[in-house]
Amino acid sequence: MTYDFNSIEKKWQDYWAKNETFKASNNSDKPKYYVLDMFPYPSGAGLHVGHPLGYIASDIYARYKRHKGFNVLHPQGYDSFGLPAEQYAIQTGQHPAVTTETNIKTYRRQLDQIGFSFDWSREVRTSNPEYYKWTQWIFIQLFESWYNNETNKSEAIGTLISKFEVEGNATVNAACDDNIEPFTAEEWNNYTSEEQQSILLKYRLTYLAETEVNWCPALGTVLANDEIVNGVSERGGHPVVRKKMTQWSMRISAYAERLLQGLDTIDWTDSLKESQRNWIGKSVGASVSFNVNGYDDIIDVFTTRPDTIFGVSFMTLAPEHELVSKITTTEQKEAVEAYIEKTAKRSERDRMADVKTISGVFTGAYAEHPFSKEPIPIWIGDYVLASYGTGAVMAVPCGDQRDYDFAKHFDIAIPNIFEGADISEEAYASKDNVKITNSDFLNGMNYKKASKLAIYQLEQLGQGEGKTNYRLRDAVFSRQRYWGEPFPVYYVNGMPQMIDKAHLPIVLPEVEKYLPTEEGEPPLGRADVWAWDTKTNTVVSNDKINNITIHPLELNTMPGWAGSSWYFFRYMEDTINRGDAFATEDALKYWENVDLYIGGSEHATGHLLYSRFWVKLLKDRGFVTVEEPFKKLINQGMILGTSAFVYRIGFNVNIQPNDSKGVVLSKEEKEKVEPILEKYRFIKNRFYSKGLKKFFKKRIYSDMGSEVDENYVTHQKKMIEEDVENLKNELGLALNSFDKNYSINFNPLQPFSIFKTHVKVQYVNSSDELDIEGLKTDGEFGEDFKDAEFILEDGVYKVGRDVEKMSKSKYNVVNPDQIVEDYGADSLRLYEMFLGPLEQYKPWNTAGITGVHNFLKKLWKLYIGDNGLKVNNAQPTVDNLKTLHKTIKKVAEDIENFSFNTSVSTFMIAVNELTAQKCTSKDILEPLLVLISPYAPHISEELWDQLGNRDSISTVQFPIFEASHLVESSKEYPISFNGKMRFTLELPMDMSKDDIEKTVMAHEKTIAQLDGRTPKKVIVVPGKIVNIVG
RNA sequence: GCUGAAGUGGUGGAAUUGGUAGACACGUUGGACUUAAAAUCCAAUGUCCAUUAGGACGUACGGGUUCAAGUCCCGUCUUCAGUACCA
């Protein structure tokens, strides 16, 4: 019997599905363990070998935990709202729900064939109305909440209204908009309903506000900060501009401190926590108010260095600052306006890219120093960002490099307030090891003391206070897209109203086209049936809108992160109970939160921050009991593709007039010559093998002279002679017809250009040799290679290789389907783990899979011989037991440490040893299968079955390690001389230090090594090493 | 610039508290089996010197601590990732 992996894997996958082997129970005596993968977006391209990496790791862990006696929840689902399906819909007119369904089918088939132990009965899809009903419900909860800074948690909006009714807003300490006017209880009670609603919006955790958003014209939508990379959109790389729009926002900033503090309670990687800390960007300092001379206005600034208050020599406002136009003097008006116009034109991207250029204008106005009462000139400059802090800074050039550069550039005074600091070249930016001077009452103090006192004195003046600032901005929540969750919102007189929970879900309407309307409204603006009837509580036709009982519905949809911010709770609930709640109290109580979460690090500041925010809100409002969604998180590294390249060349030719005057070609002449030059600049149809590339690095053979070796010249000559001749002939013909004399010159430094083109990795074997015929007949490349000529080296065409991200456009994608068919899912699983540490980025190389595949064949042969099962009840030998228990120990440690690559090696060693030992003992081979089963479940189930077991191996107890089997009676001691190992010597384990020394010193090899010298010292570490010094 | 991670054979990688560097694989070379191929099995494989015995060098680079350093300390370089006028 041979190892027929295809039928074995099919058999067990069917068995697991039929018996619901991995269905989790919400009622169990066993301890719970929740293992979760970041759920995939089902793209049209299907899975490539990089995708399952994390799933395999989490599956091994889940299966291990089952062996360890845990009730394991290991679900999977789809993040099925998203841009690609919508883009596809725009192009083809196909409904995104249809393509999404097709893609999910492909994903499911691909996932199933890898043998994951998912509980599919709990699947979720964010685009299913029964799911997004609850996303809409959570949105309503956010709307119905405000953040009370006194209790440091969110409360129902009703508690805020009660306060307003009794005390007004003076005593309320809430996370809210900063432009709220104070009002009394009486005023509140006299406001119209609309005025009240408008005020409440400024307190709600999700609110409608006109915000500056990142508008991406190419995508026709708004993007969140984390969806922009280097000033362009993450998807597609389109430019992004600032634009004011009325949008739903999430008041995540209310949770900044708790999001920061919470990081200390969770087991995530340091780099991930650091990313979130940076994103939250807490800075502690003070706010200081400067009076503007001649006006009633004040300028508030935030500073982290209140101790340097006496070092202020100017102030800088962002060009967008609201006071600029008011305080600018007539003399400076023109310059200021010109500057504002100039900076407004510069895109955010330009401003970010160009950090070096210093620019700014004096407004002519002065502020008053709070202590010295000296006048301080007020400047504007675009190095101050309107969106951070108050959009104004107190500039302390001696202590801040940007202020320093600005002062130097505009020749503003740089007073030194640091004792003994040299500020002739740059600012002294460090807080440490320096005392304040020239600063009145702060003289002689260090940073800490001076800051404290400065804040105290500012408070006495009523011109400042201690303050903490966060970089974290509120998150824009509206998207001008079709394929996302509709908001459960309609508008009465422009004021948003929530639809009652009882009427959810509000289902995405049908539209004819998935594009924005001609008026620039989002795609939902095209829906004909998209109005809310408050009498019948149904969605009705738009033409019925009367703005009395029937109102327009919200046209935006929610962003991608809405559905993914809470899906981990949905899995906790069995499908049957999902109607009444997003998850029942019992389910939430039992599963609590995710014990292990595995996914990519690209979600560091998006999904992983927003989920934490929503969970904290749900906790505050009493819907869940946990403060954090993911206890432990591991980032799997990306599997990279090894791209293959073929090479083409071209000539860099110049045409020069023979007279020295350097007359250029006339227009007509140029027209004649250009096409010829173009033809040879890139010789399209000829491909050179990689090794021949080097012959094109240097000069053309004809002007090489004798300095170059024979080989070089002959090679190059052979290959390009014809081309050069043709080029010269064709050009010569053209040039001869001209009046002037021209000559053809190859660019002396770089006569050739080398071009590389991606080719499909499928046509390249493990020795980098290209299957030319396969490539030529590949339809996908069209005519590109059909008539091409391939110049070989040593009889073959060698491609160049480079490691890049796996992507369809780079032709380096490896599909797992083919691998599963050729080697089996168990081989794929083992190999993905064997590649290297989970967290690391690593290139894929299919050739190596034969190693793990051979291992599985050897494993099979250990159990099954030509005449069937070899396993018997033989008494295990000491060596058998040693091998087994060594393996148990190592594998258990590896899994706990997520070091899956090393356990695969351990299995190989174990099987190699047991094969050599000719082990047939069931007592050894049965537990070995349990060890291997999390990694290679199909073969393990099959052999387990053949050993006569009736039930699945999946919940069999993990073998128990017994140290007694590893106790050695002797040790192969390395004997080193001056730290260098020279030979080994087997000595009894219980031999004393002195005896070891005596035995070693008496050994002939020691004597030979020493060659008559007397050692200075002999180090003996029993059980470890002997080192002879001297 | 800042923050974080990393740098080990031809390749992926191993070495858990400082104690035999290169486990386990891939690849390569040679051999066995076969009419042949595939599959399988055996052997060699860090570099250099040497017929052998053996020796020298060797974990990015330069120093240091130690009987002993891939591992600890100081400095430098390179790569990758994140972030960036954040006051």
Side-chain angles (χ1 to χ4, degrees), chain A residues 2 229-230 269-275 277-279 281-283 285 301-305 308 315-316 318 351-358 381-385 387-396 399-403 405-406 469-472 601-602 604-605 635 637-638 642 766-767 801 830-831 834-837 839-852 854-855 857-858 861 890 893-894 897 899 901-909 912 972-984 1008 1015-1021 1023-1030:
Chain A
T2 52
V229 177
N230 296 328
T269 59
D270 288 338
S271 67
L272 199 55
K273 288 189 190 181
E274 199 56 33
S275 288
R277 282 194 194 105
N278 287 338
W279 198 258
K282 180 179 184 175
S283 42
V301 300
F302 174 75
T303 177
T304 52
R305 296 293 302 273
T308 63
M315 301 191 71
T316 316
R351 257 169 92 165
M352 282 202 314
D354 180 21
V355 179
K356 294 280 173 288
T357 315
I358 296 162
D382 67 1
Y383 79 98
V384 176
L385 303 179
S387 58
Y388 183 75
T390 60
V393 299
M394 59 173 229
V396 183
D400 181 287
Q401 193 56 42
R402 288 159 321 199
D403 295 344
D405 295 339
F406 195 87
N469 230 12
Y470 299 91
R471 194 181 81 111
L472 185 69
S601 56
E602 66 272 21
T605 50
N635 289 128
M638 200 184 288
T642 315
S766 57
S767 310
R801 311 227 66 168
L830 281 172
Y831 188 53
F834 188 62
L835 276 178
E839 298 91 336
Q840 208 163 292
Y841 279 57
K842 56 224 160 207
W844 178 268
N845 175 13
T846 304
I849 201 169
T850 53
V852 293
N854 279 340
F855 157 74
K857 284 200 255 184
K858 280 190 219 165
K861 277 197 224 158
K890 175 85 173 121
E893 280 169 6
D894 284 347
N897 293 322
S899 171
N901 55 325
T902 48
S903 20
V904 179
S905 307
T906 306
F907 294 140
M908 290 174 172
I909 294 166
N912 287 347
E972 185 104 341
Y973 276 93
I975 314 297
S976 12
F977 293 80
N978 296 320
K980 289 199 194 305
M981 207 279 289
R982 290 302 167 198
F983 61 93
T984 58
K1016 284 195 200 110
K1017 206 174 182 183
V1018 179
I1019 311 276
V1020 178
V1021 185
K1024 281 255 163 88
I1025 200 168
V1026 178
N1027 190 17
I1028 298 162
V1029 187

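Heavy atoms only: backbone and side chains are in, while hydrogens, waters and symmetry mates are out. A, B, ... follow the sequence lines: proteins, then strands. Residue 1 opens every chain.
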- What interatomic distance, in whole Å, is found between C1' of C72(B) and the corresponding atom of U65(B)? 8 Å

- Taking for each residue the nucleotide of RNA chain B with the nearest heavy atom, is it G848(A) or Q840(A) whose nucleotide lies nearer the 5' end? Q840(A)

- Query: Do you see a donor-acceptor pair shorter than 3.5 Å between the side chains of D894(A) and T902(A)?
  - Reply: yes

- Message: Rounded to whole Å, please give me the gap between CG in L472(A) and P in A84(B).
- Response: 13 Å

- Paired nucleotide for G30(B) [Watson-Crick or G-U wobble; both distances under 3.5 Å]: C42(B)

- Distance between the P atoms of G46(B) and A25(B), in whole angstroms? 16 Å

- side-chain contact (heavy atoms from CB on, under 4.5 Å) with Y973(A): of I1025(A), V1026(A), T984(A), only one passes, and it is V1026(A)

- Task: Determine the interatomic distance between C1' on G9(B) and the same-named atom on A44(B); round to the nearest Å.
- Result: 15 Å

- Across the strands shown, which category fits E893(A) at heavy-atom distances under 4.0 angstrom: base, sugar-phosphate, nothing? base

- Relative to its sugar, using the 90° cut-off around 0, the base of G9(B) is syn

- Item | Per-nucleotide protein contact string for nucleotides 18-24 of chain B (B base, S sugar-phosphate only, - none; heavy atom under 4.0 Å) | -BBS-BB

- For atom CG of L835(A) and atom P of U11(B), their distance in whole Å: 16 Å

- Is N469(A) touching bases, backbone alone, or none of the nucleic acid, heavy atoms closer than 4.0 Å? nothing

- Please state the P separation for the pair U17(B) and U71(B) - nearest whole angstrom. 14 Å

- Task: Would you check if there is a donor-acceptor pair between the side chains of E893(A) and N897(A) at a distance under 3.5 Å?
- Result: no

- Message: Please classify the nucleic acid contact of K273(A) as base, sugar-phosphate, or nothing, using heavy-atom distances under 4.0 Å.
- Response: nothing

- Task: Just do the salt bridge (Lys or Arg N to Asp or Glu O under 4.0 Å) check on E274(A) and R277(A) with the steps written out, would you?
- Result: CA-CA 5 Å; E274(A) 199 56 33; R277(A) 282 194 194 105; 3.4 Å; yes

- Note on the structure: If pairing means Watson-Crick or G-U wobble with both distances under 3.5 Å, then the partner of A5(B) is U79(B)

- Partner of A69(B) by Watson-Crick or G-U wobble geometry, both contacts under 3.5 Å, or none? none

- Query: What is the nucleic acid contact for S601(A), judged by heavy atoms within less than 4.0 Å: base, sugar-phosphate only, or nothing?
  - Reply: nothing

- Message: Tell me if the aromatic rings of Y470(A) and W279(A) count as close, with their centers under 6.0 Å from one another.
- Response: no

- Reckon N854(A) has a side-chain N or O less than 4.0 Å from the OP1 or OP2 of C41(B)? no

- Tell me whether the OP1 or OP2 atom of A56(B) has a side-chain N or O from R982(A) closer than 4.0 Å. yes

